[in-house]
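Data block below; observations after.
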Amino acid sequence: MRRNSRREGFILSQALLSLFIACLFIPLCADCIKLLLHRRMFDQHIQDEIALSQLRHILNAASSIETDGYSLQFVRKYESAELYLTNRHLILAPGTQIYLEDIDGAEFYKEMHIWMIRYEREGELFEKPLIHE
């Protein structure tokens, strides 16, 4: 029996071509993975803005807002509530709702009809508005 000499090595050439194309995509895939790893990084400033936005929604429905400088007391849904710092967490009581984590200090003050929070994280000071009265 005679073999067809034109078809010998046909599968090998297809395999080599496929391997060559796959090797071309390896650096591209590696760059894409490297970019995705940078996007996964946790940004604390974005988390702070989200938490303060949620806190603003709560304070919009509040009344009788008062402060002693280190805690913010208010009435919400006919119930007294307090926002204070403990164990480096800004907590809303009653209950334990944590809004800001790993902060070194926090104080509340009123500046021209705007309730503000000033907090410190890793030596950096942040001042953010909470609610307009």
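Reckoned from all heavy atoms, side chains included, excluding hydrogens, waters and symmetry mates.
Side-chain atoms of Ser53 never come within 3.5 Å of backbone atoms of Glu49 as a donor-acceptor pair (strictly under, hydrogens ignored). Between the Asp102 side chain and the Arg88 main chain, no donor and acceptor come within less than 3.5 Å of each other.
Among all heavy-atom pairs drawn from Leu92 and Ala81, the shortest one is CD1-CB, 4.3 Å. Gly123 approaches Asp104 most closely through the heavy-atom pair N-OD2, 3.9 Å. The minimum heavy-atom distance linking Ser64 with Val75 is given by the pair CB-CG2, 4.2 Å. Residues Phe74 and Ala62 share a closest heavy-atom pair of CD1-CB, 3.5 Å.
Side-chain contact between Arg121 and Glu124: absent, with no pair of heavy atoms (C-beta onward) separated by less than 4.5 Å. Side chains of Pro129 and Arg56 form a contact here, defined as non-hydrogen atoms less than 4.5 Å apart. Side chains of Ile117 and Tyr99 form no contact here, defined as non-hydrogen atoms less than 4.5 Å apart. Inter-residue side-chain proximity for Tyr119 and Asp48 is flagged as met; some heavy-atom pair is nearer than 4.5 Å. Side-chain contact between Asp68 and Gln73: present, with at least one pair of heavy atoms (C-beta onward) separated by less than 4.5 Å.
Note that CZ of Phe126 is 10.0 Å distant from CG of Leu100, once rounded to the nearest 0.5 Å. To the nearest 0.5 Å, atom CG of residue Leu72 and atom CD1 of residue Ile65 are 6.0 Å apart. Atoms CG and CZ, on Leu59 and Arg76 in that order, are 9.0 Å from each other to the nearest 0.5 Å. In this structure, OG on Ser80 lies 9.5 Å from CD on Glu82, to the nearest 0.5 angstrom. From Leu130, atom CG reaches atom CD1 of Ile114 across 10.5 Å, with rounding to the nearest 0.5 Å. Here Leu55 contributes atom CG and Ile50 contributes atom CD1; the two are 13.5 Å apart, rounded to the nearest 0.5 Å.
Listed by chain and number, the residues in a side-chain hydrogen bond (donor to acceptor under 3.5 Å, both in side chains) with Glu120 amount to none (sequence neighbours excluded). Taking the ring-ring contact (aromatic ring centres under 6.0 Å, His included) definition, one finds that His57 meets it with nothing, sequence neighbours left out.
In terms of hydrophobic clustering, with Ile, Leu, Val, Met, Phe, Trp and Tyr side chains grouped at heavy-atom distances under 4.5 Å, Ile91 and Trp115 are assigned to different clusters. Ile103 and Tyr84 fall into different hydrophobic clusters, defined by Ile, Leu, Val, Met, Phe, Trp and Tyr side-chain heavy atoms under 4.5 Å apart, directly or through other members. Residues Met116 and Ile58 do not share a hydrophobic cluster, clusters being chains of Ile/Leu/Val/Met/Phe/Trp/Tyr side chains in contact below 4.5 Å. A single hydrophobic cluster is seen to contain both Leu28 and Ile21, as judged by linkage of ILVMFWY side chains at heavy-atom distances under 4.5 Å, directly or through other members. The hydrophobic clustering, which links ILVMFWY residues whose side-chain heavy atoms are closer than 4.5 Å, places Phe25 and Leu35 apart.
Environment of CG in Asn87: sparse, with no more than 12 heavy atoms of neighbouring residues, nucleotides or ligands closer than 6.0 Å. Taking a 6.0 Å sphere around OH of Tyr70, one finds it holds 12 or fewer heavy atoms contributed by other residues, nucleotides or ligands.
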